[in-house]
Amino acid sequence: MSKPGRTILASKVAETFNAEIIKSVEEYKKIHNDQGPLLVGFLANNDPAAKMYATWTQKTSESMGFRYDLRVIEDKDFLEEAIIQANNDDSVNGIMVYFPVFGNAQDQYLQQVVCKEKDVEGLNHVYYQNLYHNVRYLDKGNRLKSILPCTPLAIVKILEFLKIYNNLLPEGNRLYGKKCIVINRSEIVGRPLAALLANDGATVFSVDVNNIQKFTRGERLKLNKHHVEDLGEFSEDLLKECSLDADVVITGVPSENYKFPTEYIKDGAVCINFASTKNFSDDVKEKASLYVPMTGKVTIAMLLRNMLRLVRNVELSKER
Ligand SMILES: NC(=O)C1=CN([C@@H]2O[C@H](COP(=O)(O)OP(=O)(O)OC[C@H]3O[C@@H](n4cnc5c(N)ncnc54)[C@H](O)[C@@H]3O)[C@@H](O)[C@H]2O)C=CC1
Ligand SMILES: Nc1nc(=O)c2c([nH]1)NC[C@@H]1CN(c3ccc(C(=O)N[C@@H](CCC(=O)O)C(=O)O)cc3)C=[N+]21
């Protein structure tokens, strides 16, 4: 059987940001003794995905002119102190911690230890609250842009590249009429992603192991931020019903043997997987129009873009 669909690689999407990032780093170097901004990564676990991700961040950031310092912490108990030291070190521009560290709620605490001025992943409570409340700036004068968490932001940028965002519509409504389903509702990716897409006008079905929810801005987008409705407990029937209605299917299930059922995909839907494992079967393109198998490269581009935005925000706040 011929497969009508096409694979789009994250590297293609990431490329569209490279020139802008490299140019900003060069300008930065001109006024900082030829040194690029410094990103510090903390690795305090043996998680292979985190280790690999750390290697990619290092390679990509250095190739674009940033300085990158990986600090491996053997004893997790010393991580908090090490973060605080980096917070107070003026030579450090950005900080990221590779998760999971403890693999429980203590990780959420550690996220908040990174000061928001250096939080390249956009995990600080202030940034999340702005995202959930559809607030795009940090200040009243709309000069300092809020930071968005990099994986949800990467998926938005991928959807823009795939022309799911309709730029004939006003900014902030460009997903009006689109239906998306997100299989993952973690606090790091799935829930903020569902909120972002709904804030941009989409109807979003948000799925986790327990239940399925619907995120929207109400009928005809009458609300100025999303609200959430419970559709019911998780069941294959409900999942199938929501999926067959969706123009976009986004998966992030961290499990080697999970496969999203191809028969739940609407003909011509767009499929995106952000999990480290392949969540779609090989026959996905019999149904999907566009298929993005991994998103990591765009996530890293967004990380570096966030880093430059933080540097700019620091400079702008000094000016006043
Ligand atoms: N590409 C990227 O930039 C990034 C990728 N990741 C990857 O994304 C994946 C997910 O990471 P986290 O969100 O941190 O994981 P997590 O374990 O915190 O969350 C997993 C979510 O999936 C849901 N889920 C699990 N099995 C399910 C099933 N059978 N049906 C429906 N829902 C199910 C859970 O209820 C939960 O909401 C991992 O593979 C991780 O490595 C994470 C961060 C960035
Ligand atoms: N604080 C924190 N932030 C993270 O974003 C984070 C983390 N901790 N811990 C580990 C997980 C894992 N993760 C992935 C990144 C890229 C791909 C990915 O698919 N990357 C390449 C794979 C291909 C290659 O080998 O080059 C790609 O998309 O092209 C997958 C998973 C981020 N994580």
Side-chain angles (χ1 to χ4, degrees), residues 7-15 39-60 63 70 79 83 94-105 107-108 110-114 119-124 148-158 181-194 205-213 233-236 238-240 242-243 249-261 264 272-279 291-304 306:
T7 299
I8 305 289
L9 295 177
S11 51
K12 265 266 175 248
V13 186
E15 261 171 31
L39 174 59
V40 171
F42 287 104
L43 187 62
N45 65 23
N46 291 314
D47 184 85
K51 228 176 204 160
M52 221 153 54
Y53 185 49
T55 313
W56 292 328
T57 353
Q58 171 141 33
K59 228 178 68 189
T60 312
S63 79
L70 182 65
L79 178 58
I83 297 171
I95 299 172
M96 67 178 296
V97 180
Y98 295 96
F99 291 109
V101 175
F102 291 95
N104 58 31
D107 285 0
Q108 271 101 68
L110 285 172
Q111 266 175 36
Q112 305 307 318
V113 174
V114 175
D119 177 15
V120 288
E121 292 204 283
L123 303 178
N124 189 276
L148 288 167
C150 41
T151 303
L153 178 59
I155 291 164
V156 165
K157 294 298 173 186
I158 289 168
I181 185 163
V182 181
I183 321 296
N184 175 309
R185 202 187 303 125
S186 68
E187 286 299 312
I188 300 259
V189 193
R191 192 166 82 91
L193 175 62
F205 302 109
S206 168
V207 183
D208 78 356
V209 286
N210 299 311
N211 68 356
I212 303 188
Q213 299 179 328
E233 278 181 23
F234 179 92
S235 75
E236 282 300 320
L238 184 58
L239 175 65
K240 185 173 181 182
C242 296
S243 305
V249 182
I250 302 168
T251 58
V253 176
S255 150
E256 207 60 64
N257 40 32
Y258 177 86
K259 296 290 174 220
F260 187 85
Y264 293 2
I272 302 172
N273 169 54
F274 67 78
S276 327
T277 56
K278 274 199 169 163
N279 282 179
Y291 167 53
V292 183
M294 290 181 293
T295 62
K297 295 231 160 82
V298 187
T299 302
I300 295 179
M302 291 307 110
L303 182 84
L304 298 178
N306 276 352

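When a ligand or atom number is given, it counts from 1 through the structure's own listing order.
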**Message:** Quick check on Thr299 - does any of its heavy atoms sit under 4.0 Å from an atom of ligand 2?
**Reply:** no

**Message:** Suppose we measure from atom 39 (O) of ligand 1 to each protein heavy atom; which comes out shortest, and what is that distance?
**Reply:** Ser276 N, 3.0 Å

**Asked** With no hydrogens and no angle check, is any side-chain donor or acceptor of Lys240 less than 3.5 Å from a backbone partner on Ser235?
**Response** no

**Message:** Using a 3.5 Å distance criterion without hydrogens, assess whether the side chain of Thr299 forms a donor-acceptor pair with backbone atoms of Cys150.
**Reply:** no

**Asked** Do Asp208 and Ser206 have a side chain donor and acceptor closer than 3.5 Å?
**Response** no

**Complete:** protein heavy-atom neighbour closest to atom 37 (O) of ligand 1 works out as Arg185 N, 2.8 Å

**Request:** Examine ligand 2 and decide if any of its atoms is less than 4.0 Å from a heavy atom belonging to Phe274.
**Result:** no

**Asked** Going by heavy atoms, is Val253 under 4.0 Å from ligand 1?
**Response** yes

**Item:** Nearest-neighbour protein heavy atom for atom 6 (N) of ligand 1, which is reported as residue plus atom name and distance
**Value:** Phe274 O, 3.8 Å

**Close side-chain approach of Leu123 to Val114, heavy-atom, < 4.5 Å** = no

**Asked** Can you name the side chain to side chain contact (heavy atoms under 4.5 Å, CB included) partners of Leu9, sequence neighbours left out?
**Response** Thr7, Ser11, Pro293

**Prompt:** With a 3.5 Å cut-off and no angle check, do the side chains of Thr57 and Tyr98 form a donor-acceptor pair?
**Reply:** yes

**Asked** Got the closest protein heavy atom to atom 42 (C) of ligand 1, with its distance?
**Response** Val189 CG2, 4.4 Å

**Request:** Look at atom 31 (C) of ligand 1 and say which protein heavy atom is nearest, naming residue and atom and giving the distance to 0.1 Å.
**Result:** Ile183 CG2, 3.6 Å

**Item:** Donor-acceptor contact below 3.5 Å, side chain Asp107 vs main chain Pro100
**Value:** no

**Selection from Lys59, Lys297, Lys278 by shortest heavy-atom distance to atom 29 (O) of ligand 2** = Lys297

**Request:** List the closest protein heavy-atom neighbour of atom 10 (C) of ligand 1: residue, atom name, distance to the nearest 0.1 Å.
**Result:** Gly252 O, 3.4 Å

**Asked** Can you tell if the side chain of Ile181 reaches within under 4.5 Å of the side chain of Tyr264, non-hydrogen atoms only?
**Response** no

**Message:** Can you confirm whether Glu187 sits close enough to Gln108 that some side-chain heavy atom of one is under 4.5 Å from a side-chain heavy atom of the other?
**Reply:** no

**Asked** How far is atom 18 (O) of ligand 1 from its nearest protein heavy atom, and which residue and atom is that?
**Response** Ser186 CB, 3.4 Å

**Atom indices of ligand 2, in the order listed, that fall short of 4.0 Å to a heavy atom of Tyr98** = 1 (N), 8 (N)

**Message:** Suppose I only count heavy atoms of Thr295 and a 4.0 Å limit; which atoms of ligand 2 are within that range?
**Reply:** 28 (O)

**Message:** Please confirm whether Ser276 approaches ligand 2 to less than 4.0 Å, judged on its heavy atoms.
**Reply:** yes

**Message:** Do Asn210 and Arg185 pair up side chain to side chain, a donor and an acceptor below 3.5 Å, judged on atom types alone?
**Reply:** no

**Asked** Who's closest to atom 23 (C) of ligand 2 heavy-atom-wise, of Glu121, Met96, Gln111, Met294?
**Response** Met294

**Message:** For atom 38 (C) of ligand 1, what's the nearest protein heavy-atom neighbour? Residue, atom name and distance, please.
**Reply:** Pro254 CB, 3.7 Å

**ligand 1 contacted by Thr151 (non-hydrogen, < 4.0 Å)** = yes

**Asked** Of all the heavy atoms in Ser255, does at least one lie under 4.0 Å from an atom in ligand 1?
**Response** no

**Asked** Among all protein non-hydrogen atoms, which one is nearest to atom 16 (C) of ligand 2, and what is the separation to 0.1 Å?
**Response** Trp56 CZ3, 3.3 Å

**Request:** Would you mind checking which non-hydrogen protein atom is closest to atom 8 (N) of ligand 2, with the distance to 0.1 Å?
**Result:** Phe99 N, 3.0 Å

**Asked** ligand 2 versus Tyr53, non-hydrogen atoms closer than 4.0 Å: side chain, backbone, both, neither?
**Response** side chain

**Asked** Is there at least one pair of N or O atoms, one from Gly296 and one from ligand 2, spaced under 3.5 Å apart?
**Response** yes

**Request:** Measure the spacing between CZ of Phe260 and CG of Asn273 and express it to the nearest 0.5 Å.
**Result:** 11.5 Å

